[in-house]
Amino acid sequence: MGRAGFVAGNWKMHGSLARNQELLEAVVSGTRSLQNVSCAVCVPYPYIVQAQSVLEGSHVAWGGQNVSQYHHGAYTGEVSADMLTDLGCRYVIVGHSERRILFGEENRVVAEKFRAAQECSITPILCVGETLAQRESGEAEQVIATQLDVVIDLAGIETLRHSVIAYEPVWAIGTGKTATPQQAQDVHEFIRSRIAVHNSKIAGDIQILYGGSVKADNARELFAMPDIDGGLIGGASLVAAEFISICLAAQN
Ligand code: 13P
(Lines give C-alpha, C1' and ligand atoms only; values in the text may rest on other atoms or scores of the structure.)
Protein backbone atom coordinates (compact mmCIF):
# COMPACT_ATOMS: atom_id res chain seq x y z
CA MET A 1 0.00 0.00 0.00
CA GLY A 2 2.95 2.23 -0.60
CA ARG A 3 4.20 1.96 2.95
CA ALA A 4 7.54 0.27 3.50
CA GLY A 5 7.66 -2.65 5.91
CA PHE A 6 9.22 -2.44 9.33
CA VAL A 7 10.13 -5.19 11.77
CA ALA A 8 11.44 -4.40 15.24
CA GLY A 9 12.66 -6.87 17.82
CA ASN A 10 11.80 -6.24 21.45
CA TRP A 11 14.31 -8.28 23.39
CA LYS A 12 12.62 -7.43 26.70
CA MET A 13 14.84 -8.39 29.68
CA HIS A 14 16.91 -11.01 27.90
CA GLY A 15 20.49 -11.27 26.75
CA SER A 16 24.14 -11.33 27.73
CA LEU A 17 27.20 -9.84 26.07
CA ALA A 18 28.16 -13.15 24.51
CA ARG A 19 24.69 -14.11 23.31
CA ASN A 20 23.90 -10.65 21.98
CA GLN A 21 27.08 -10.53 19.95
CA GLU A 22 26.16 -13.70 18.12
CA LEU A 23 22.55 -12.66 17.61
CA LEU A 24 23.38 -9.15 16.36
CA GLU A 25 26.00 -10.42 13.92
CA ALA A 26 23.62 -13.07 12.60
CA VAL A 27 20.80 -10.54 12.15
CA VAL A 28 23.06 -8.15 10.24
CA SER A 29 24.24 -10.80 7.84
CA GLY A 30 20.84 -12.49 7.47
CA THR A 31 18.97 -9.30 6.58
CA ARG A 32 21.56 -7.80 4.26
CA SER A 33 19.52 -8.38 1.10
CA LEU A 34 16.25 -6.94 2.46
CA GLN A 35 14.41 -4.64 0.09
CA ASN A 36 11.83 -2.10 1.17
CA VAL A 37 11.84 -3.26 4.80
CA SER A 38 13.62 -1.64 7.72
CA CYS A 39 14.58 -3.55 10.77
CA ALA A 40 15.61 -2.63 14.28
CA VAL A 41 16.31 -4.21 17.63
CA CYS A 42 15.23 -2.67 20.93
CA VAL A 43 17.63 -3.96 23.53
CA PRO A 44 18.03 -3.59 27.32
CA TYR A 45 19.76 -0.33 28.28
CA PRO A 46 23.11 -1.84 29.29
CA TYR A 47 23.47 -3.40 25.85
CA ILE A 48 22.72 -0.33 23.75
CA VAL A 49 26.43 0.45 23.47
CA GLN A 50 27.08 -3.08 22.29
CA ALA A 51 24.23 -2.85 19.75
CA GLN A 52 25.68 0.44 18.52
CA SER A 53 29.14 -0.99 18.09
CA VAL A 54 27.91 -4.01 16.11
CA LEU A 55 25.16 -2.30 14.10
CA GLU A 56 26.70 1.09 13.30
CA GLY A 57 27.00 1.44 9.55
CA SER A 58 24.69 -1.54 8.93
CA HIS A 59 21.08 -1.41 7.78
CA VAL A 60 19.83 -2.58 11.21
CA ALA A 61 18.84 0.21 13.60
CA TRP A 62 18.73 -0.02 17.38
CA GLY A 63 16.72 1.48 20.15
CA GLY A 64 15.52 1.34 23.73
CA GLN A 65 12.49 -0.32 25.27
CA ASN A 66 11.48 2.55 27.52
CA VAL A 67 12.44 6.16 28.17
CA SER A 68 11.94 8.72 30.88
CA GLN A 69 9.42 11.48 30.35
CA TYR A 70 12.03 13.87 31.78
CA HIS A 71 15.12 15.14 29.99
CA HIS A 72 17.49 15.31 32.97
CA GLY A 73 17.49 15.78 36.69
CA ALA A 74 17.21 13.92 39.96
CA TYR A 75 15.33 10.86 38.68
CA THR A 76 17.26 7.92 40.05
CA GLY A 77 17.22 4.89 37.80
CA GLU A 78 15.76 6.66 34.78
CA VAL A 79 17.22 7.01 31.28
CA SER A 80 16.43 10.06 29.14
CA ALA A 81 15.76 10.35 25.44
CA ASP A 82 18.80 12.63 25.21
CA MET A 83 20.94 9.72 26.44
CA LEU A 84 19.39 7.37 23.88
CA THR A 85 20.18 9.92 21.17
CA ASP A 86 23.74 10.08 22.42
CA LEU A 87 23.99 6.33 21.79
CA GLY A 88 22.61 6.55 18.29
CA CYS A 89 19.18 5.07 19.02
CA ARG A 90 16.74 5.67 16.21
CA TYR A 91 13.75 4.17 18.02
CA VAL A 92 12.27 3.72 21.45
CA ILE A 93 9.27 1.66 22.50
CA VAL A 94 6.78 3.60 24.60
CA GLY A 95 3.68 2.33 26.34
CA HIS A 96 4.40 -1.37 26.03
CA SER A 97 1.64 -3.25 27.87
CA GLU A 98 4.24 -4.70 30.25
CA ARG A 99 5.14 -1.13 31.26
CA ARG A 100 1.49 -0.15 31.50
CA ILE A 101 0.37 -3.19 33.50
CA LEU A 102 3.42 -4.23 35.55
CA PHE A 103 4.86 -0.76 36.16
CA GLY A 104 1.69 1.30 36.34
CA GLU A 105 2.32 3.58 33.37
CA GLU A 106 -0.87 5.48 32.65
CA ASN A 107 -1.83 6.97 29.31
CA ARG A 108 -0.67 10.42 30.36
CA VAL A 109 2.85 9.24 31.27
CA VAL A 110 3.06 7.25 28.04
CA ALA A 111 2.14 10.40 26.13
CA GLU A 112 4.84 12.37 27.96
CA LYS A 113 7.40 9.70 27.11
CA PHE A 114 6.27 9.79 23.50
CA ARG A 115 6.77 13.57 23.48
CA ALA A 116 10.18 13.34 25.17
CA ALA A 117 11.37 10.92 22.47
CA GLN A 118 10.06 13.21 19.73
CA GLU A 119 11.84 16.18 21.24
CA CYS A 120 15.12 14.27 20.86
CA SER A 121 14.34 13.16 17.29
CA ILE A 122 13.91 9.54 18.30
CA THR A 123 11.03 7.74 16.60
CA PRO A 124 8.69 6.41 19.26
CA ILE A 125 7.07 3.04 18.68
CA LEU A 126 3.81 3.62 20.51
CA CYS A 127 2.18 0.42 21.74
CA VAL A 128 -1.56 0.18 22.12
CA GLY A 129 -3.80 -2.79 22.78
CA GLU A 130 -6.57 -4.25 24.86
CA THR A 131 -6.64 -6.99 27.48
CA LEU A 132 -8.71 -10.13 27.02
CA ALA A 133 -11.33 -8.86 29.48
CA GLN A 134 -11.61 -5.59 27.56
CA ARG A 135 -12.00 -7.44 24.27
CA GLU A 136 -14.62 -9.77 25.69
CA SER A 137 -16.64 -6.92 27.09
CA GLY A 138 -16.59 -5.10 23.76
CA GLU A 139 -14.35 -2.27 24.96
CA ALA A 140 -11.31 -2.90 22.75
CA GLU A 141 -11.86 -0.01 20.35
CA GLN A 142 -12.61 2.44 23.13
CA VAL A 143 -9.47 1.45 25.05
CA ILE A 144 -7.29 1.82 21.97
CA ALA A 145 -8.95 5.08 20.96
CA THR A 146 -8.19 6.55 24.38
CA GLN A 147 -4.58 5.31 24.28
CA LEU A 148 -4.16 7.12 20.96
CA ASP A 149 -6.15 10.24 21.79
CA VAL A 150 -4.14 11.04 24.91
CA VAL A 151 -0.94 11.02 22.83
CA ILE A 152 -2.46 13.10 20.04
CA ASP A 153 -3.84 15.62 22.52
CA LEU A 154 -0.54 16.03 24.35
CA ALA A 155 2.01 15.77 21.54
CA GLY A 156 -0.11 16.97 18.60
CA ILE A 157 -1.14 15.09 15.47
CA GLU A 158 1.91 16.32 13.52
CA THR A 159 4.22 14.26 15.73
CA LEU A 160 2.66 11.11 14.31
CA ARG A 161 4.48 11.83 11.05
CA HIS A 162 7.62 10.62 12.78
CA SER A 163 6.31 7.75 14.80
CA VAL A 164 5.29 4.13 14.51
CA ILE A 165 2.31 2.46 16.15
CA ALA A 166 2.29 -1.12 17.34
CA TYR A 167 -0.99 -2.87 17.99
CA GLU A 168 -0.28 -5.50 20.61
CA PRO A 169 -3.34 -7.24 22.04
CA VAL A 170 -2.30 -8.08 25.59
CA TRP A 171 -3.86 -11.55 25.33
CA ALA A 172 -1.56 -12.42 22.42
CA ILE A 173 1.74 -11.40 24.03
CA GLY A 174 3.98 -14.30 24.98
CA THR A 175 0.98 -16.63 24.98
CA GLY A 176 1.48 -18.32 21.64
CA LYS A 177 -2.06 -17.14 20.87
CA THR A 178 -1.83 -14.83 17.86
CA ALA A 179 -4.66 -12.59 16.75
CA THR A 180 -6.00 -13.88 13.46
CA PRO A 181 -4.92 -11.79 10.49
CA GLN A 182 -8.50 -10.52 10.20
CA GLN A 183 -8.76 -9.62 13.90
CA ALA A 184 -5.51 -7.68 13.66
CA GLN A 185 -6.49 -6.07 10.36
CA ASP A 186 -9.78 -4.83 11.86
CA VAL A 187 -7.96 -3.06 14.68
CA HIS A 188 -5.26 -1.65 12.39
CA GLU A 189 -7.96 -0.25 10.15
CA PHE A 190 -9.69 1.23 13.19
CA ILE A 191 -6.41 2.89 14.31
CA ARG A 192 -5.88 4.38 10.86
CA SER A 193 -9.44 5.69 10.76
CA ARG A 194 -9.01 7.25 14.18
CA ILE A 195 -5.89 9.10 12.99
CA ALA A 196 -7.61 10.05 9.73
CA VAL A 197 -10.14 12.12 11.69
CA HIS A 198 -7.22 14.48 12.38
CA ASN A 199 -5.15 14.06 9.23
CA SER A 200 -5.78 11.59 6.43
CA LYS A 201 -2.30 11.91 4.94
CA ILE A 202 -0.65 10.94 8.22
CA ALA A 203 -3.15 8.10 8.64
CA GLY A 204 -2.22 6.75 5.22
CA ASP A 205 1.52 7.05 5.76
CA ILE A 206 2.02 5.84 9.32
CA GLN A 207 3.44 2.36 9.80
CA ILE A 208 1.27 0.21 12.05
CA LEU A 209 2.94 -2.94 13.32
CA TYR A 210 1.28 -5.98 14.81
CA GLY A 211 2.81 -7.59 17.90
CA GLY A 212 1.85 -10.69 19.86
CA SER A 213 3.26 -14.16 19.24
CA VAL A 214 4.51 -13.37 15.74
CA LYS A 215 6.70 -16.22 14.50
CA ALA A 216 8.33 -17.15 11.22
CA ASP A 217 5.40 -19.39 10.38
CA ASN A 218 2.58 -16.87 10.90
CA ALA A 219 4.27 -13.61 9.89
CA ARG A 220 3.54 -13.80 6.20
CA GLU A 221 -0.24 -14.08 6.53
CA LEU A 222 -0.35 -11.25 9.06
CA PHE A 223 1.81 -8.95 6.94
CA ALA A 224 -0.31 -9.70 3.88
CA MET A 225 -3.19 -7.72 5.40
CA PRO A 226 -3.55 -4.24 3.88
CA ASP A 227 -3.11 -2.25 7.10
CA ILE A 228 -0.40 -4.37 8.74
CA ASP A 229 3.01 -2.95 7.85
CA GLY A 230 5.24 -5.24 9.88
CA GLY A 231 5.71 -6.51 13.38
CA LEU A 232 7.02 -5.86 16.86
CA ILE A 233 8.55 -9.16 17.82
CA GLY A 234 9.21 -10.44 21.34
CA GLY A 235 10.33 -14.03 21.86
CA ALA A 236 11.06 -14.77 18.21
CA SER A 237 13.47 -11.81 18.01
CA LEU A 238 15.86 -13.70 20.28
CA VAL A 239 16.35 -16.44 17.72
CA ALA A 240 18.29 -15.18 14.71
CA ALA A 241 16.76 -17.51 12.13
CA GLU A 242 13.21 -16.71 13.30
CA PHE A 243 13.77 -12.97 13.34
CA ILE A 244 15.42 -12.97 9.92
CA SER A 245 12.53 -14.99 8.43
CA ILE A 246 10.04 -12.53 9.90
CA CYS A 247 11.97 -9.60 8.38
CA LEU A 248 11.95 -11.36 5.02
CA ALA A 249 8.19 -11.93 5.33
CA ALA A 250 7.68 -8.16 5.58
CA GLN A 251 9.08 -7.59 2.11
CA ASN A 252 6.33 -6.70 -0.30
P1 13P B 1 5.89 -12.03 21.89
O2 13P B 1 6.29 -11.91 20.43
O3 13P B 1 6.88 -12.76 22.73
O4 13P B 1 4.48 -12.48 22.04
O5 13P B 1 5.94 -10.52 22.47
C6 13P B 1 5.32 -9.51 21.76
C7 13P B 1 5.72 -8.22 22.34
O8 13P B 1 5.37 -7.90 23.46
C9 13P B 1 6.59 -7.33 21.56
O10 13P B 1 6.69 -6.08 22.12
Side-chain angles (χ1 to χ4, degrees), residues 6 8-17 20 24 38 40-56 60-129 131 143-168 170 173 195 198 202 206-207 209 211 232 234 237:
F6 179 42
N10 173 9
W11 288 8
K12 308 195 180 183
M13 200 172 72
H14 295 288
S16 67
L17 285 173
N20 302 345
L24 291 167
S38 333
V41 288
C42 294
V43 309
Y45 290 140
Y47 299 131
I48 290 177
V49 170
Q50 183 186 22
Q52 180 181 33
S53 81
V54 179
L55 302 177
E56 189 122 64
V60 181
W62 61 96
Q65 300 172 9
N66 183 27
V67 66
S68 173
Q69 65 270 48
Y70 306 112
H71 286 291
H72 49 81
Y75 301 106
T76 302
E78 292 290 289
V79 171
S80 71
D82 315 61
M83 295 170 186
L84 297 181
T85 305
D86 218 7
L87 296 172
C89 290
R90 190 176 309 160
Y91 299 99
V92 68
I93 297 171
V94 298
H96 191 280
S97 62
E98 287 151 17
R99 303 287 331 158
R100 293 177 187 267
I101 295 167
L102 305 174
F103 299 95
E105 288 185 13
E106 307 275 359
N107 282 329
R108 166 85 197 182
V109 168
V110 172
E112 288 170 358
K113 291 180 173 208
F114 179 98
R115 183 175 60 185
Q118 288 274 345
E119 286 167 352
C120 290
S121 302
I122 296 181
T123 301
I125 302 174
L126 171 67
C127 298
V128 299
T131 63
V143 166
I144 292 164
T146 305
Q147 289 171 340
L148 279 175
D149 291 351
V150 175
V151 171
I152 294 171
D153 288 348
L154 185 91
I157 185 70
E158 288 298 319
T159 60
L160 267 67
R161 275 187 210 285
H162 306 289
S163 65
V164 173
I165 293 179
Y167 168 55
E168 299 209 312
V170 178
I173 295 177
I195 297 169
H198 300 271
I202 293 175
I206 195 166
Q207 289 168 316
L209 314 181
L232 182 57
S237 72

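Side-chain atoms are counted along with the backbone in the values below, which use heavy atoms only and exclude waters and symmetry mates.
Interatomic distance, Ile206 CD1 to Ile165 CD1, rounded to the nearest 0.5 Å: 4.0 Å. The CG atom of Leu160 lies 5.0 Å from the CD1 atom of Ile195; values are rounded to the nearest 0.5 Å. Note that CG of Leu148 is 8.5 Å distant from NE2 of His198, once rounded to the nearest 0.5 Å.
Counting only heavy atoms from C-beta outward, the side chains of Leu232 and Val164 never approach each other to under 4.5 Å. Within the 4.5 Å cutoff, the side chain of Pro44 has no heavy atoms near those of the Met13 side chain. In this structure the side chain of Cys127 reaches within 4.5 angstrom of the side chain of Ile93, judged on heavy atoms. With a 4.5 Å cut-off on side-chain heavy atoms, Lys113 and Pro124 do not count as touching. Inter-residue side-chain proximity for Val43 and Asn20 is flagged as unmet; no heavy-atom pair is nearer than 4.5 Å.
The heavy-atom pair separating Ile125 from Cys42 by the smallest distance is CD1-SG, 4.4 Å. Heavy atoms only, all atoms of each residue included: Ile48 and Cys89 are closest at CG2-SG, 3.8 Å. In terms of heavy atoms, Ile173 sits closest to Ser97 at CD1-OG, 3.2 Å. Smallest separation of non-hydrogen atoms from Tyr91 and Ala61: CE1-CB, 3.8 Å. Closest approach of Val151 and Gln147 over heavy atoms only: CG2-O, 3.6 Å.
Although no hydrogens or angles enter the test, the distance criterion places no donor-acceptor pair under 3.5 Å between the side chain of Arg115 and the main chain of Ala155. At least one donor-acceptor pair under 3.5 Å links the side chain of Trp62 to the backbone N or O of Leu87. When atom types are taken as modelled, the side chain of Ser80 and the backbone of Met83 share a donor-acceptor pair closer than 3.5 angstrom. Judged by distance alone, the side chain of Arg99 and the main-chain N or O of Val110 form no donor-acceptor pair under 3.5 Å. No donor-acceptor pair closer than 3.5 Å links the side chain of Ser68 to the backbone N or O of Glu78. For Gln69 (side chain) and Ala116 (main-chain N/O), no donor-acceptor pair under 3.5 Å exists by modelled atom type.
A side-chain contact (heavy atoms from CB on, under 4.5 Å) with Val94 holds for exactly one of Asn66, Ile122, Val67; it is Val67. Under the side-chain contact (heavy atoms from CB on, under 4.5 Å) rule, Thr146 has a single partner from Asp149, Val143, Val150, which is Val150.
More than 12 heavy atoms of other residues, nucleotides or ligands shown are found within 6.0 angstrom of CD on Glu119. Within a 6.0 Å radius of CZ in Arg161, more than 12 heavy atoms belonging to other residues, nucleotides or ligands are found.
In this model, a donor atom of one side chain and an acceptor atom of the other lie less than 3.5 Å apart for Glu168 and His96.
In this structure Tyr75 satisfies the ring pair (Phe, Tyr, Trp, His ring centres under 6.0 Å) test together with Tyr70, sequence neighbours excluded.
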